[in-house]
Amino acid sequence: APAAFWSPGRPRLVYDTLGGNARGLEFVAGALALLDPADEATFLARLAEADERLRVNMALATLVANLDGESRALLTRLPAYDTAVPADGIRALAPDQPLEAALDRLLAVGVVERYHDPERQGPAYRIAPPAAAWLAGQPGYALDPALLRAAAEYQQWLYQFERPGPGQAIILHRALTRAGEQAAADRLALGDIIRPLQLAGLYRALLDEWLPALRQSADDPTRAAGLAWSGTCHKALGEYEKALPYHEQSLAISRAIGDRAGEGTTLNN
């Protein structure tokens with residue numbers, strides 16, 4: 001922010017105007033850094049008059065409107081990720097555009113957050129959640145599906161080559177779902193997520209969060225597997241009367257599609 005922002009009492013005055021919102025203070029400081037002195041007083045006067053819940057949004061609107069084109073373009077792409085990623089993940093969203101200077105500018109005004117990535121022993125980045133929420137609420141704003149696919153491909157690359165654990169599998173599953181790749185997300189869940197969660201005894205989490213979508217799949221083998229896993233989880237919880245109907249439905253599908261191995265497994269269950 002400009003040096004004038006830090007004059008005696010100024011940060012406290014803005015902080016109090018924002019109702020004690022420290023993150024809002026950061027956005028106001030970032031906006032002031034981009035404004036001409038002639039516009040600064042007008043902005044602060046409008047901020048003081050605004051409804052409390054609108055002040056942070058006003059600061060973000062002013063900040064984003066005064067970004068240079070490269071920084072603004074990068075900012076609008078960043079919600080493709082809902083978790084922090086290394087710089088090469090950010091670059092995957094804009095492979096042919098300058099990155100470093102724009103990312104530094106977004107960090108400087110507080111709309112991007114930097115974290116320590118223990119896997120890489122280096123920085124990772126994500127859009128600040130208030131900035132992401134503000135963008136999502138702008139008329140006409142929508143993420144290009146190609147960006148969501150690029151984000152999912154990068155998370156797939158991380159899972160395949162750097163982070164082959166269940167935590168990254170869950171992140172990848174979410175990325176595939178957001179990209180509309182539900183069949184791939186279902187295969188990942190059945191192959192790499194459900195078993196580790198079941199072995200960890202997280203039966204309720206499976207029943208509440210993971211298996212309902214599989215039971216509703218349009219793909220018969222996926223739906224049969226989701227039903228069978230639901231029965232297995234209820235059985236592990238001692239809920240035999242709830243388990244049996246799931247196994248019976250799974251059995252019917254396995255027989256209908258000629259899946260003899262699935263039929264045998266389900267009969268055993």
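In what follows, every heavy atom counts, from backbone to side chain, and hydrogens, waters and symmetry copies are set aside. By convention here, the first residue in the shown sequence is residue 1.
By the 4.5 Å heavy-atom criterion applied to side chains, Leu74 and Ile90 are counted as neighbours. Between Leu106 and Leu67, the closest side-chain pair of non-hydrogen atoms falls below 4.5 Å. Put simply, the side chain of Arg126 reaches to within 4.5 Å of the side chain of Tyr115, judged on heavy atoms. For the pair Leu103 and Glu100, the minimum side-chain heavy-atom distance is 4.5 Å or more. Between Asn269 and Lys235, the closest side-chain pair of non-hydrogen atoms is not below 4.5 Å.
Shown are Val109, Asp104, Val111; of these, the side-chain contact (heavy atoms from CB on, under 4.5 Å) with Leu107 is made only by Asp104.
Between the Arg105 side chain and the Ser71 main chain, no donor and acceptor come within less than 3.5 Å of each other. A donor-acceptor distance shorter than 3.5 angstrom exists from the side chain of Thr76 to the backbone of Ala73, with no hydrogens or angles considered. The main-chain N or O of Glu263 is never found under 3.5 Å from a side-chain atom of Arg255 such that the two would form a donor-acceptor pair. Arg72 places a side-chain N or O within donor-acceptor distance of the main-chain N or O of Val64, the cut-off being under 3.5 Å.
Residues forming a side chain to side chain donor-acceptor pair (under 3.5 Å) with Gln168 (at least two apart in sequence, or on another chain): Gln155.
Transitive grouping of hydrophobic side chains (ILVMFWY, heavy atoms separated by less than 4.5 Å) keeps Ile257 and Leu251 in distinct clusters. In the hydrophobic clustering of ILVMFWY residues, with side-chain heavy atoms under 4.5 Å counting as a link, Leu147 and Tyr141 come out together.
Leu190 belongs to a hydrophobic cluster whose other members, connected by ILVMFWY side-chain contacts under 4.5 Å either directly or through intermediates, are Tyr159, Ile170, Leu172, Leu176, Leu188, Ile193, Ile194, Leu197, Leu202, Tyr203, Leu206, Leu207, Trp210, Leu211, Leu214, Trp229, Leu237.
Using a 30° and 60° split on the angle between ring planes, Trp157 and Tyr154 fall in the parallel class, below 30°.
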>> As a quick check of understanding, evaluate side-chain contact (heavy atoms from CB on, under 4.5 Å) for Ile127 and Leu135, giving each step before the final call.
In response: CA-CA 10 Å; Ile127 186 172; Leu135 273 175; 3.8 Å; yes

> After noting the C-alpha distance and the side-chain angles of Arg163 and Glu119, does the key distance pass the side-chain contact (heavy atoms from CB on, under 4.5 Å) rule?
Replying inline: CA-CA 8 Å; Arg163 306 174 185 182; Glu119 300 277 350; 3.5 Å; yes

> Does the pair Arg77 and Gln97 meet the rule for a side-chain contact (heavy atoms from CB on, under 4.5 Å), with working shown?
Replying inline: CA-CA 12 Å; Arg77 291 169 176 254; Gln97 298 181 15; 3.4 Å; yes

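Across all non-hydrogen atoms, the minimal contact from Tyr125 to Pro86 is CD1-C, 4.4 Å. The two residues Leu93 and Ala150 have their closest heavy-atom pair at CD2-CB, 4.3 Å. Ala243 and Gly231 make their closest contact through CB-O, 3.3 Å (heavy atoms, listed as atom of the first residue, atom of the second, distance).
The distance from the CD atom of Glu181 to the NE2 atom of His173 is 12.0 Å, given to the nearest 0.5 Å.
The pair Arg223-Asp220 counts as a salt bridge, with a side-chain nitrogen and a carboxylate oxygen less than 4.0 angstrom apart.
For residues 239-249, the side-chain hydrogen bond (donor to acceptor under 3.5 Å, both in side chains) pairs, not counting sequence neighbours, are Arg204-Glu239, His234-Glu239.
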